[in-house]
Amino acid sequence: MNFFPLLLSLAISIALVSAFSPADHHLIDCGTTASTVLDHDHRPFTGDGSSSTLSSTKSLSLKNSNPDPNLSPIYHTARVFTKPSHYKFKIQEKGTHLVRIHFYKFDFMNIGTTCHDQFHVSANGYVLLHNYSVSKGNPRIKDFLITVDEDKLVIRFIPVDQTSFAFVNAIEVISAPKDLIDNFKYVSFDHNMRYAYESVYRVSVGGVKVTPFNDSLWRNWVPDDEFLKSGDGSVESYKKIHFDGRINYRVGGASREVGPDNMYNSARLIFGVNDSVPKVNMTWVFPVKKGFSYIVRLHFCDIASISIGLIYFNVYINGNLVYENLDLSTLTNYMLASPFYADFVVDSEKFSDVIRVDIGPSKSSMPHAVDGMLNGVEIWKMSNSMSSLDGEVCVGQLESKSQSGGQMSRLLSLTAAVCLLAIAFLVMRRKAEAKGLAGWSRVPVDVSEIDLKSSYPKSAGVSV
């Protein structure tokens with residue numbers, strides 16, 4: 001199994017900082033002409049019926065006749081497509097953008113009893129969703145990170161066939177803070193590829209759910225309880241802690257957009273109560289889909305120690321020691337309650353259908369001190385060699401599958417063929433390069449030095 005610990009980064013920012021103000025901030029409420037203001041965070045969504053972003057030859061705007069009053073108003077309407085359609089967003093600042101797509105299935109009238117929702121979603125050459133359908137129940141929110149090198153972002157909704165339809169309730173397109181995924185530029189299995197990312201898990205360890213109102217990027221963070229495991233029946237020893245003081249974001253590194261206060265002010269920890277160090281690890285298990293590589297981001301913030309220099313522990317991913325004797329005091333320039341995060345890439349070649357994270361005492365751990373801590377976990381799926389986040393399929397194939405007959409079909413078939421040839425070349429080249437990989441390799445030399453001026457460790461990069 002290959003792990004690529006990338007950059008070990010301080011999650012820090014200026015204390016007195018203005019609210020995050022992205023260059024691009026498109027908020028679209030689908031299926032209506034009216035503007036919608038969300039109650040919890042007061043963000044204004046523009047109805048797609050009165051927006052120039054929508055381009056559709058055949059679509060329906062539907063309104064829920066019996067909306068759930070507990071749901072956001074953006075889930076009271078939907079735009080339904082029976083033919084391939086798209087939204088086109090003007091981009092003012094090129095670079096990475098957060099694309100958040102909202103789905104909530106209510107009783108769709110006037111669709112027909114023989115039709116069903118099954119569709120694909122693509123964006124600027126990336127497959128985001130393939131053969132996707134939505135069951136009734138709670139809203140589904142899909143978060144993606146996409147690099148936009150043009151002056152527009154086009155999101156396409158493509159019904160699978162003549163008896164299916166696509167739908168969407170709301171779309172957000174937001175310029176991503178530059179420090180949010182700054183480390184990701186060092187992730188490259190193929191230097192000629194650009195990756196897209198899907199947020200698979202965003203977990204607040206030891207805390208409660210963090211809602212968009214309490215997150216400057218309007219994200220949800222779920223509690224960790226369902227992922228926490230124990231091999232020795234000692235889950236009760238994984239102490240939860242909540243911190244009521246101030247999180248000390250520091251000048252020179254990441255902003256609050258990397259991780260909100262309400263995530264960093266809670267944690268689970270291992271604490272020695274006797275004269276010996278506990279022989280126990282905290283373990284979290286996250287099911288994932290095979291065939292993709294993943295970025296695992298672990299968030300740390302020492303909100304439990306009574307003094308600096310008392311906390312040391314080991315970090316493991318899928319049983320591999322990826323960080324030995326993690327010393328939060330040194331990494332945060334000897335400041336308590338100061339956030340730090342570490343990114344790791346889990347290669348898809350040799351891992352099972354779960355990602356396991358373990359935190360446990362190290363040889364440097366001490367009795368009567370904190371011997372392990374974790375505040376948050378994020379896991380992103382990386383697009384594969386076909387620029388897809390959902391299956392072995394490229395954009396050209398999506399289009400050709402949904403069309404039939406005529407010159408358009410032949411053109412799309414040709415596009416799909418070219419796509420397949422390109423992918424075959426990439427796969428063969430990657431296999432050839434993989435044969436030369438050693439057990440250990442380093443990230444580029446130019447990011448492996450320490451910036452002494454800011455005491456900011458740019459890399460401790462090794463791969464396993």
Side-chain angles (χ1 to χ4, degrees), residues 1 3 5 11 138 141 143 199-211 214-215 219-243 247 258-273 277-290 294-305 311-324 326 328 337 339-344 346 351-362 365 369-381:
M1 185 178 305
F3 289 87
N138 294 325
I141 303 173
D143 275 12
S199 177
V200 183
Y201 294 103
R202 193 179 294 119
V203 177
S204 175
V205 175
V208 298
K209 180 178 180 179
V210 180
T211 64
N214 294 306
D215 185 292
R219 298 165 293 195
N220 287 294
W221 299 72
V222 300
D224 69 321
D225 302 82
E226 68 175 289
F227 310 108
L228 187 65
K229 306 295 179 183
S230 174
D232 56 6
S234 58
V235 166
E236 62 275 7
S237 68
Y238 303 168
K239 182 179 178 181
K240 288 185 179 182
I241 186 171
H242 181 79
F243 179 65
I247 300 299
V258 169
D261 299 61
N262 283 4
M263 180 270 291
Y264 282 123
N265 65 14
S266 65
R268 287 189 191 267
L269 55 84
I270 299 172
F271 191 85
V273 294
V277 175
K279 296 181 179 180
V280 61
N281 283 0
M282 296 187 291
T283 302
W284 295 263
V285 176
F286 303 92
V288 292
K289 185 182 294 185
K290 295 183 69 173
Y294 293 84
I295 293 182
V296 179
R297 173 170 290 177
L298 304 181
H299 295 268
F300 306 96
C301 186
D302 187 0
I303 56 175
S305 296
I311 181 169
Y312 302 90
F313 55 90
N314 290 339
V315 179
Y316 307 83
I317 296 182
N318 284 3
N320 293 267
L321 178 60
V322 296
Y323 206 128
E324 185 174 16
L326 192 150
L328 282 179
F340 166 86
Y341 69 87
D343 288 342
F344 306 88
V346 183
F351 80 96
S352 64
D353 55 357
V354 299
I355 292 177
R356 171 175 168 155
V357 175
D358 289 272
I359 303 292
S362 72
S365 296
V370 178
D371 298 317
M373 172 181 286
L374 185 63
N375 301 74
V377 180
E378 292 181 85
I379 298 178
W380 284 277
K381 182 199 298 181

Query - Side-chain heavy atoms of Trp221 within contact of Pro260, under 4.5 Å - result: yes
Report task. Indicate yes or no for a side-chain donor-acceptor contact from Tyr264 to the backbone of Gly376 under 3.5 Å, with no hydrogens or angles considered. Result -> no
Report summary line: CG of Asn262 to CG of Asp215, rounded to nearest 0.5 Å, is 9.0 Å
Query raised in the report: Can you tell me how far the CD1 atom of Ile295 sits from the CZ atom of Phe344, to the nearest 0.5 Å?
Result: 12.0 Å
Query - Minimum-distance pair of heavy atoms, taken over all atoms of Ser204 and Ser266 - result: OG-OG, 3.6 Å
**Report entry** Nearest heavy atoms of Lys229 and Glu226, plus distance in Å
**Finding:** NZ-O, 3.9 Å
Requested in this report: Mind running side-chain contact (heavy atoms from CB on, under 4.5 Å) on Val222 and Phe227 for me, showing each step along the way?
Outcome: CA-CA 10 Å; Val222 300; Phe227 310 108; 4.2 Å; yes
**Report entry** Residue pair Asn314 / Ser362: nearest heavy atoms and the distance that separates them
**Finding:** OD1-CB, 3.0 Å
Requested in this report: Decide yes or no for Ile359 and Met373: does some side-chain heavy atom of the first lie under 4.5 Å from some side-chain heavy atom of the second?
Outcome: no
Query raised in the report: How are the rings of Phe313 and Phe300 set to each other: parallel, tilted or perpendicular (split at 30° and 60°)?
Result: tilted
Query raised in the report: Of the non-hydrogen atoms in Ile270 and Val280, which two are nearest, and what is the gap between them?
Result: CD1-O, 3.3 Å
Query - Close side-chain approach of Tyr341 to Val258, heavy-atom, < 4.5 Å - result: yes
Query raised in the report: Can you name the closest pair of heavy atoms from Pro223 and Gly207 and give their distance?
Result: CB-O, 3.5 Å
Report task. Please state whether the rings of Phe286 and Tyr201 are parallel, tilted or perpendicular, taking 30° and 60° as the class boundaries. Result -> tilted
Query - Student check: side-chain heavy atoms of Pro361 and Asn281 closer than 4.5 Å - result: yes
**Report entry** Separation of Ile311 CD1 from Leu269 CG (nearest 0.5 Å)
**Finding:** 8.0 Å
Query raised in the report: Which residues satisfy the side-chain hydrogen bond (donor to acceptor under 3.5 Å, both in side chains) test with Trp380, sequence neighbours excluded?
Result: none
**Report entry** Ion pair check, Asp225 and Arg268, cut-off under 4.0 Å
**Finding:** yes
Requested in this report: Check whether any side-chain heavy atom of Phe271 sits under 4.5 Å from a side-chain heavy atom of Ile241, and report yes or no.
Outcome: no
Query raised in the report: Between Asn318 (side chain) and Arg356 (backbone), is there a donor-acceptor pair under 3.5 Å?
Result: yes
Report task. Check whether any side-chain heavy atom of Val377 lies under 4.5 Å from a side-chain heavy atom of Leu298, and answer yes or no. Result -> yes
Report summary line: Closest non-hydrogen contact found for Pro339 with Cys301 is N-SG, 3.8 Å
Query raised in the report: Mind checking whether Arg202 and Asp143 have side chains closer than 4.5 Å, heavy atoms only?
Result: yes
Report summary line: side-chain contact (heavy atoms from CB on, under 4.5 Å) test vs Asn265 passes for just one of Asn375, Val210, Ile247, namely Ile247
Report task. Apply side-chain hydrogen bond (donor to acceptor under 3.5 Å, both in side chains) to Ser365 and list each qualifying residue two or more places apart in sequence or on a separate chain. Result -> none
Query - OH-OG1 distance between Tyr316 and Thr283, expressed to the nearest 0.5 angstrom - result: 10.5 Å
Query raised in the report: Between CE of Met282 and CG of Asp358, what distance do you get to the nearest 0.5 Å?
Result: 9.5 Å
Report task. Flag yes if more than 12 heavy atoms outside Lys240 fall under 6.0 Å of its NZ atom; otherwise flag no. Result -> yes
**Report entry** Euclidean distance, Ile303 CD1 relative to Leu328 CG, rounded to 0.5 Å
**Finding:** 11.0 Å
